[in-house]
Q: 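Next up is a structure, given as structure tokens.
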Amino acid sequence: MATSASSKLSKAVKQQYMELPQGEKVQAMYIWIDGTGEGLRCKTKTLDSEPKTIEDLPEWNFDGSSTYQSEGSNSDMYLIPAVMFRDPFRKDPNKLVFCEVLKYNHKPAETNLRQSCKQIMGMVEQHHPWFGMEQEYTILGTDGHPFGWPSNGFPGPQGPYYCGVGADKAYGRDIVEAHYRACLYAGVQICGTNAEVMPAQWEFQVGPCEGINMGDHLWVARFILHRVCEDFGVVVSFDPKPISGNWNGAGCHTNFSTKEMREAGGLKVIEESIERLAKRHMYHIRAYDPKGGLDNARRLTGHHETSNIDEFSAGVANRGASIRIPRTVGQEKRGYFEDRRPSANCDPYMVTEALVRTCLLKEEGDEPTVYNK
């Protein structure tokens with residue numbers, strides 16, 4: 001089972017240094033999305049005092065030519081602090097700082113989708129859009145082999161692993177528990193976790209979050225998971241189909257509701273939204289993974305609890321549909337719906353923005369509408 005060499009370093013030796021007093025100084029780890037639209041980068045800045053608000057954090061910069069974001073001849077990119085969390089690795093008073101990336105001309109980098117999302121969310125504040133995202137992921141060894149799988153072969157077929165318990169069913173629970181507690185410490189709105197259908201595959205849920213907070217909290221939860229896995233010497237993969245064949249893929253099912261949907265008679269509003277989504281299926285498919293649908297094509301086959309990528313469908317309690325209405329929502333005639341199409345490696349800013357554009361701003365067609373700022 002391939003774990004990294006760094007994970008074998010003595011954590012007890014490290015701990016004696018981490019317990020040294022740091023005086024009045026504070027370590028702020030700045031985090032950003034790189035040019036792939038999936039990878040996360042980070043670096044640390046020393047501050048003279050503990051920041052109380054996001055305005056207390058200075059802008060910073062980095063070399064974009066090393067993160068697939070610029071050319072070497074004009075490589076400086078700007079880090080603009082957007083949201084701040086407690087640091088579960090260095091502990092209080094240290095901070096995690098999730099940042100937007102701006103280019104040399106102060107326009108958003110191509111993979112900075114937060115600014116557009118924030119604008120759209122600001123246009124629908126009165127509807128109080130809530131989101132909950134179910135992030136599936138796979139734990140891999142550093143050799144790319146699923147954690148806990150036999151080195152030459154496969155584990156037993158799917159069936160006993162989903163929400164399973166026992167050493168022969170739950171592969172890597174220590175990582176899941178560490179991540180859960182770290183998210184709670186940080187202030188991430190994590191609301192649950194479970195083992196998934198494929199062995200070494202897990203899921204955590206974030207939400208409910210309103211508006212732009214959904215993307216902020218999910219990205220930071222992903223960063224924390226990468227760091228936890230680093231400490232354990234393994235790798236987290238958000239690939240939507242990490243193992244080909246008769247194994248489940250990994251999605252990021254997105255639950256969505258508005259104030260109107262949550263009130264009495266809200267089922268009618270949900271059904272109207274689903275009708276609009278049906279007419280804009282391919283726009284959403286392109287928005288739901290970083291490669292414009294190519295990644296999701298490996299996952300959305302119509303098998304393994306997915307809908308077919310080329311067809312839109314909806315149903316009550318149907319996990320093979322594009323949109324699932326939970327059974328309790330059908331009974332109570334109000335609540336939320338679940339969009340099962342987003343891939344595990346989706347950008348939550350893009351997903352939540354697309355849902356608001358179609359369901360609340362009632363956009364139509366293959367391209368998003370451009371609004372004046």
Side-chain angles (χ1 to χ4, degrees), residues 1-4 6-8 11 31 38 40 42 85-91 96 132-150 154-156 158-209 214 217-243 247-255 299 304-305 342-346 348:
M1 202 170 297
T3 54
S4 71
S6 61
S7 70
K8 299 177 177 66
K11 304 305 179 188
I31 305 161
E38 301 179 60
L40 288 164
C42 61
F85 294 82
R86 297 168 73 195
D87 186 336
F89 305 102
R90 293 165 170 157
K91 303 192 178 71
L96 300 180
M133 298 185 81
E134 305 171 18
Q135 177 69 71
E136 295 177 341
Y137 63 93
T138 310
I139 302 172
L140 307 176
T142 52
D143 58 358
H145 196 67
F147 181 79
W149 285 33
F154 297 92
Q158 296 181 158
Y161 308 107
Y162 173 70
C163 296
V165 61
D168 58 341
K169 300 178 186 70
Y171 299 6
R173 192 185 297 275
D174 286 352
I175 292 158
V176 176
E177 295 294 341
H179 173 251
Y180 202 151
R181 189 62 59 89
C183 282
L184 290 173
Y185 180 94
V188 169
Q189 285 181 247
I190 188 169
C191 60
T193 188
N194 60 268
E196 264 305 329
V197 177
M198 187 180 88
Q201 193 179 79
W202 294 80
E203 175 186 295
F204 65 88
Q205 302 95 31
V206 174
C209 296
M214 184 68 251
H217 281 249
L218 188 65
W219 272 116
V220 172
R222 286 174 174 176
F223 173 81
I224 291 172
L225 182 56
H226 280 298
R227 272 289 287 106
V228 167
C229 284
E230 181 184 323
D231 281 346
F232 281 98
V234 296
V235 177
V236 57
S237 170
F238 297 112
D239 188 280
K241 187 71 174 178
I243 304 297
W247 303 98
N248 272 39
C252 194
H253 303 153
T254 301
N255 301 285
R299 165 180 161 259
H304 305 106
E305 299 181 56
S343 66
N345 61 345
C346 69

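For the single chain, residues carry numbers from 1 onward in sequence order.
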Q: Answer yes or no: is there a donor N or O on one side and an acceptor on the other, between the side chain of E136 and the main chain of W202, under 3.5 Å?
A: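 Checking the backbone N and O of W202 against the side chain of E136, no donor-acceptor pair under 3.5 Å is found.
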
Q: Of all the heavy-atom pairs spanning S4 and S7, show the shortest one and how long it is.
A: O-OG, 2.6 Å

Q: Measuring from atom CD of Q205 to atom CE of M133, what distance do you get when rounded to the nearest 0.5 angstrom?
A: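 Q205 CD to M133 CE: 12.0 Å, rounded to 0.5 Å.
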
Q: Got a second to check how far F147's CZ is from F232's CZ, nearest 0.5 Å?
A: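 So the gap between those two atoms works out to 9.0 Å.
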
Q: Run through F85, F204, Y180 and flag the one making a side chain to side chain contact (heavy atoms under 4.5 Å, CB included) with V188.
A: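 Of the listed options, the one satisfying the test is F85.
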
Q: Rounded to the nearest 0.5 Å, what's the gap from CG on L225 to CD on Q135? Could you check?
A: 8.0 Å

Q: Taking the side chain from R299 and the backbone from K241, do they hold a donor-acceptor pair closer than 3.5 Å?
A: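 Absent.
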
Q: For W247 and G156, work out which heavy atoms get closest and say how close.
A: CH2-O, 3.8 Å

Q: Between K8 (side chain only) and G233 (backbone N and O only), is there a donor and an acceptor less than 3.5 Å apart?
A: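 Flag not set: sc K8 to bb G233 has no pair under 3.5 Å.
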
Q: What's the shortest heavy-atom distance between D87 and Y185, and which atoms?
A: O-CE2, 3.4 Å

Q: Looking at every non-hydrogen atom in both residues, tell me the closest pair between C209 and V206 and how far apart they are.
A: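 Distance-wise, the nearest heavy atoms are SG-CG1, 4.0 Å.
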
Q: Tell me, with the steps shown, if C229 and V235 meet side-chain contact (heavy atoms from CB on, under 4.5 Å).
A: CA-CA 6 Å; C229 284; V235 177; 6.0 Å; no

Q: Any non-hydrogen side-chain atom of C183 less than 4.5 Å from a side-chain atom of V220?
A: no

Q: Relative to the ring of Y171, is the ring of Y161 parallel (under 30°), tilted (30 to 60°) or perpendicular (over 60°)?
A: perpendicular

Q: Tell me, with the steps shown, if F238 and H226 meet ring pair (Phe, Tyr, Trp, His ring centres under 6.0 Å).
A: CA-CA 11 Å; F238 297 112; H226 280 298; 5.6 Å; yes

Q: When you measure from the side chain of H179 to the backbone of R227, do you find a donor-acceptor pair of N or O atoms at a distance under 3.5 Å?
A: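 No; judged by distance alone, with no hydrogens or angles, the pair does not exist.
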
Q: Is it the case that the side chain of T193 and the backbone of E203 share a donor-acceptor pair, with hydrogens and angles ignored and the cut-off at 3.5 Å?
A: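 Judged by distance alone, yes, a pair lies under 3.5 Å.
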
Q: Decide whether Q158 and N248 meet the rule of one side-chain donor and one side-chain acceptor closer than 3.5 Å.
A: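 Yes, a side-chain donor-acceptor pair sits under 3.5 Å.
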
Q: Between D239 and N345, is any pair of side-chain heavy atoms under 4.5 Å apart?
A: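 No, their side chains stay 4.5 Å or more apart.
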
Q: Going through the distances and angles, do E196 and Y162 end up as a side-chain contact (heavy atoms from CB on, under 4.5 Å)?
A: CA-CA 4 Å; E196 264 305 329; Y162 173 70; 4.0 Å; yes

Q: On a heavy-atom basis, which atom in H145 and which in P150 lie closest, and how many Å separate them?
A: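 Heavy atoms of H145 and P150 come nearest at NE2-O, 2.8 Å.
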
Q: Please assess F89 against I224 for the test side-chain contact (heavy atoms from CB on, under 4.5 Å), listing each intermediate value before the final yes or no.
A: CA-CA 9 Å; F89 305 102; I224 291 172; 3.9 Å; yes

Q: Rounded to the nearest 0.5 Å, what separates atom CD1 in I31 from atom CG in L40?
A: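 Going from the CD1 atom of I31 to the CG atom of L40 covers 7.5 Å.
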
Q: Report yes or no: does H217 contribute a side-chain atom to a donor-acceptor pair with the main-chain N or O of P208 at less than 3.5 Å?
A: no

Q: Just do the side-chain contact (heavy atoms from CB on, under 4.5 Å) check on W149 and M198 with the steps written out, would you?
A: CA-CA 11 Å; W149 285 33; M198 187 180 88; 3.8 Å; yes

Q: Looking at P240 and A344, what are the two nearest heavy atoms and their distance?
A: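 P240 and A344 have their closest heavy atoms at CB-N, 4.5 Å.
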
